[in-house]
2 protein chains.
Amino acid sequence: MSSPAPLTLDELLARVRAGGRRVTVAKRTVARVLLTTTGHTRADDLINDVHVMAPDVSASTVYRILDEFEELGLVVHAHLGSGAAVYHLAGPVHGHLVCNVCHATTEVPSAVFDALAQDLRHEYGFTLDRHHVALSGVCAACARRRIS
Amino acid sequence: MSSPAPLTLDELLARVRAGGRRVTVAKRTVARVLLTTTGHTRADDLINDVHVMAPDVSASTVYRILDEFEELGLVVHAHLGSGAAVYHLAGPVHGHLVCNVCHATTEVPSAVFDALAQDLRHEYGFTLDRHHVALSGVCAACARRRIS
DNA sequence: TTAGATGCAAAGACTTTGCGCACTT
DNA sequence: AAGTGCGCAAAGTCTTTGCATCTAA
């Protein structure tokens with residue numbers, strides 16, 4: 001249940017080496033971007049950010065690196081409804097509320113799903129992956145806007 | 001809380017007319033396929049099934065018709081993790097449990113999410129869309145398989 | 001030195017769109 | 001008759017892959 005401590009760049013790269021992979025300019029750059037990015041970011045945006053720091057890194061490389069980081073448990077991705085997947089550093093586990101109307105996404109602590117997770121385990125033998133909870137609906141702001 | 005009664009082909013097409021749209025061979029075929037299909041089906045599979053009955057109906061038309069049916073409230077679609085969206089007739093509201101390992105999807109009654117929905121409303125002002133609940137994790141069968 | 005990593009370009013999966021003709025109403 | 005809906009083909013979005021080259025260790 002303990003949240004992983006926030007990683008530094010060096011720790012992150014150390015984990016890459018520990019996984020038997022090499023540390024390269026591209027990986028360093030992707031790592032830096034992930035560390036400076038708040039929230040959930042589409043690969044597209046990550047690629048743009050990477051290009052600012054290292055214009056020669058190609059999109060396919062970023063995808064490959066994100067896959068690798070995910071295998072190493074450094075990064076998590078989620079599919080928030082239609083459209084591109086979003087990525088973020090593995091950190092405190094949380095779920096996502098995605099607004100149907102404005103597409104804003106809100107993070108919610110994993111504890112909100114405790115009761116549901118127990119239910120699903122008991123009733124269906126289903127082990128909820130709390131990293132990937134993404135629920136759609138209407139956010140508070142849009143609900144207000146809709147009434148008026 | 002009442003579940004819509006299961007629609008017949010004629011009722012379905014009547015609703016299309018009621019919505020001010022025309023009834024065509026393509027729509028009739030898509031409707032028939034949806035009615036004979038159990039569970040959640042990717043557009044791809046629907047298109048194949050439609051082709052069996054009406055080889056001349058094009059894929060883009062099926063997509064257009066699914067959109068139209070969805071606007072009319074006849075069909076619901078959901079994004080179950082990565083990959084293509086799945087479609088099904090609007091019926092009893094339910095959520096989906098998607099296995100990370102074998103990709104099987106299990107339907108669960110909407111009531112399972114009642115408590116969660118209340119929490120989300122109260123804590124975050126978020127109105128859960130129960131039609132689109134898709135949770136990933138590990139299903140009972142795969143969990144067993146993993147242990148051994 | 002040498003296997004893993006990258007860039008580039010092409011392909012792939014899924015879905016949408018433009019256009020002129022056909023079919024429903 | 002009027003105009004919605006359709007087939008076809010092309011484009012669009014997001015992501016993966018093949019291959020020759022380069023580079024970290």
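Here is the naming used below: chain letters follow the sequence lines, and residue numbers restart at 1 for every chain. As a basis for the values below, the full set of heavy atoms in this structure was taken, side chains included, without hydrogen atoms, waters or symmetry mates. Since the model is a prediction, treat every value here as computed from it, not as a measurement.
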Quick note, B:S58 side chain, CB onward, closest among D:dT15, D:dC8, C:dA5 is D:dC8
Donor-acceptor pair (no angle test) under 3.5 Å: B:S60 side chain, D:dC6 base
no
Quick one: do B:R64 and B:D67 satisfy salt bridge (Lys or Arg N to Asp or Glu O under 4.0 Å)? Show the steps, please.
CA-CA 5 Å; B:R64 280 192 274 235; B:D67 278 358; over 6 Å; no
Counting only side-chain heavy atoms from C-beta out, which of C:dT15, D:dT15, D:dG5 sits nearest to B:A43?
C:dT15
Rounded interatomic separation in angstrom, taking CZ from B:R28 and C1' from C:dT25:
13 Å
Going hydrophobic residue to hydrophobic residue with side-chain gaps under 4.5 angstrom, can you get from A:L7 over to A:V50?
yes
Taking the ring centre of each residue, are A:H96 and A:H79 less than 6.0 Å apart?
no
Under 4.0 Å between a side-chain N/O of B:R17 and OP1 or OP2 of C:dT24, yes or no?
no
Could B:E68 and B:R22 be called an ion pair, given the rule that one side-chain N must be under 4.0 Å from one carboxylate O?
no
5'-most contact on DNA chain C: B:D67 or B:R22, nearest heavy atom basis?
B:D67
Out of D:dT16, C:dT6, C:dC23, whichever nucleotide has its closest atom nearest the side chain of A:R64:
C:dT6
A:D56 CG to D:dC22 P, straight-line distance once rounded to whole Å:
13 Å
Atom CZ of B:R42 and atom C1' of C:dC14: how far apart are they, to the nearest Å?
10 Å
